[in-house]
Structure formats: C-alpha cells, structure tokens
Amino acid sequence: MAQLRRTPLVAASLVVLAIACGAGDATGPAAPRTVEWVGLTLESGEGLNIAVLRPDAAASGVVLAFPWGGGDANLLLGLMDSYWDQAAPAAGYAVVGVEVYGPGMEANAGAVMAAVLDWIDENLAGASRNIVMTGASAGGVGVFHAALAVPDRVAGIIAMPGRYTGAATLSELTGLPVWMMVGENDANWVSRSQATAERLEEAGAEVTHEILPGQGHVLIVSQDALVGWIEGR
C-alpha cells in the first residue's frame with residue numbers, strides 16, 4: 001500500500017535555492033502548493049518515493065519529473081519549485097516527481113516505471129494517457145531510460161539539459177515530440193545533447209534542440225514556456 005505524507009513545497013526546497021536560483025519565472029513569489037509524498041514499493045521489495053502536486057480540478061495530464069544531481073528529496077523539490085510548481089497545476093496538469101538517480105535508471109527503469117505508472121493509473125486515471133516526461137542534468141539522462149522502458153505511455157519529453165547514455169536504439173521514440181535545451185556555456189553538455197538530438201532525429205522523433213545564449217548548467221526557463229510547449233505538441 002502506498003504511504004502518503006504532505007510537505008509545503010517552498011519551505012522544503014530552500015536548501016537547493018542556491019542551485020535553482022533564477023530558474024523559472026521572475027514574476028514574484030506565488031502561494032506555495034502542498035506536496036504529497038507517496039511511498040511506493042517495487043517488485044523487488046525496494047522502496048521508491050514520489051512527490052505529487054495536484055491541480056485544483058481533475059488533472060488533464062501528468063508531468064513526470066526526474067531530478068538533477070543525486071536525485072534526493074531536496075533536489076527533487078528544487079526542480080519542481082523551479083519549473084513545475086505553478087504554471088503546470090494552473091493549466092490542469094498533475095506533477096509527479098520521482099526521487100531517483102537518473103543514470104541509475106539504465107538498470108532499473110522498467111521496475112521504477114511499472115510502480116510509478118501503476119500509481120498514476122490508480123490515482124490520476126483521467127490524465128494517465130497524457131504523460132510528458134522531463135528531467136534536468138542527471139534527470140535529463142534518466143528521462144530517456146524512463147521513456148524507452150514504456151514508450152507507449154510517454155506523450156513527450158523535455159530534457160533541460162539531457163542526453164541518452166545507453167546503447168539501445170531510439171527507434172521506439174519515433175514520432176515523439178522532444179524538446180531539448182542546453183546552456184551555451186555548459187561546454188560538456190552541449191556536444192552530448194546535440195549528439196542525442198541527432199540520434200533522435202535519425203530515429204524519427206520530432207526534436208527541437210535549443211542552445212540557450214549566455215546560460216550555464218542550471219537553466220532559466222519560464223514555467224509558462226514549458227507549459228506552452230506541452231499544450232502545443
């Protein structure tokens with residue numbers, strides 16, 4: 001059985017303020033939403049935590065987010081606070097963050113996604129066929145492993161930045177809309193991000209790859225712009 005607890009998002013993510021400073025919108029603070037922490041159990045018996053932000057009405061879609069860095073709870077909350085806590089719920093999307101280390105999903109993406117999608121299907125049934133996956137940095141690696149584990153369940157990918165590190169073909173993502181972003185000054189990631197975009201294009205995905213001028217590894221992107229891309233797929 002899933003175990004649930006609640007946390008105010010803004011208060012819980014102050015520890016990663018230095019990492020995420022400047023990301024998201026610059027329109028001033030908005031009222032914090034409450035995060036629901038839900039504990040899931042993988043088939044192996046291992047635990048997995050997800051953080052959930054719900055819209056005010058029934059969800060029309062789901063943003064499934066994978067965090068940067070080591071993927072711990074505070075980093076996950078920082079990612080959600082930076083990019084997904086206001087515009088997405090306001091537009092009717094539930095946000096489900098997964099407390100997981102992105103590159104590690106090369107080995108266990110199938111198990112992770114089975115548990116997460118079971119929860120989404122049970123608790124967000126009306127939105128479960130409209131799932132956009134996103135991740136930044138380490139999460140931008142994990143997002144591709146997640147999508148390849150369940151290609152029939154993903155309706156779009158936003159990697160900011162991201163890259164694919166596996167050896168498998170990307171042909172399962174044919175026709176999928178993918179938005180990849182990387183900072184101009186993020187030298188190690190620019191070439192790797194571009195290489196992944198080229199592989200996706202060769203596989204038939206609908207890729208938009210952007211190098212953001214003057215930016216580094218932690219990207220400053222408007223929440224409204226992110227939701228606008230989701231709604232314009």
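Side chains are part of it too, since the values below use all heavy atoms of this structure and drop only hydrogens, waters and symmetry mates.
- Checked by atom type and distance alone, the side chain of Ser171 never pairs as donor or acceptor with a backbone atom of Ala203 at under 3.5 Å.
- A donor-acceptor pair under 3.5 Å is formed between the side chain of Glu184 and the backbone N or O of Gly214.
- Gln194 is listed as a side-chain neighbour of Ile211, based on a closest heavy-atom distance under 4.5 Å.
- The shortest distance between side-chain heavy atoms of Trp179 and Val207 does not fall below 4.5 Å.
- At a threshold of 4.5 Å between non-hydrogen side-chain atoms, the residues Thr208 and Glu210 count as touching.
- Around CD of Glu106, the count of heavy atoms belonging to other residues, nucleotides or ligands within 6.0 Å exceeds 12.
- You'll find the side chain of Ser128 stays beyond 4.5 Å of the side chain of Trp119, heavy atoms only.
- Glu206 has its side chain out of reach of Leu200: every pair of non-hydrogen atoms, C-beta onward, lies at least 4.5 Å apart.
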**Report entry** Chi angles and distances behind the side-chain contact (heavy atoms from CB on, under 4.5 Å) call for Leu64, Val132
**Finding:** CA-CA 6 Å; Leu64 187 58; Val132 172; over 6 Å; no
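- Using modelled atom types and a 3.5 Å distance limit, the side chains of Asn188 and Arg163 yield no donor-acceptor pair.
- In the hydrophobic clustering of ILVMFWY residues, with side-chain heavy atoms under 4.5 Å counting as a link, Val143 and Met105 come out together.
- Tyr101 places none of its side-chain heavy atoms less than 4.5 Å from the side chain of Pro67.
- Judged as a salt bridge (charged side-chain N to carboxylate O under 4.0 Å, His left out), the pairs with a partner in residues 109-130 (not counting sequence neighbours) are, in order, Asp121-Arg153.
- Side-chain N or O atoms of Thr196 include one that pairs as donor or acceptor with a backbone N or O of Tyr164 at under 3.5 Å.
- Scanning all heavy atoms of the two residues, the minimum distance from Leu173 to Pro151 falls at CD2-CB, 4.5 Å.
- Comment: Asp81 does not engage Arg33 in a salt bridge, judged by the lack of any side-chain N to carboxylate O separation of less than 4.0 angstrom.
- The hydrophobic clustering, which links ILVMFWY residues whose side-chain heavy atoms are closer than 4.5 Å, places Leu148 and Val150 together.
- For Asp85 and Gln223, the side-chain atoms include at least one donor-acceptor pair closer than 3.5 Å.
- No side-chain heavy atom of Thr134 sits under 4.5 Å from any side-chain heavy atom of Phe66.
- No side-chain heavy atom of Glu46 sits under 4.5 Å from any side-chain heavy atom of Thr41.
- Both Val96 and Val100 belong to a single network of hydrophobic side chains, linked directly or stepwise wherever heavy atoms of I, L, V, M, F, W or Y lie under 4.5 Å apart.
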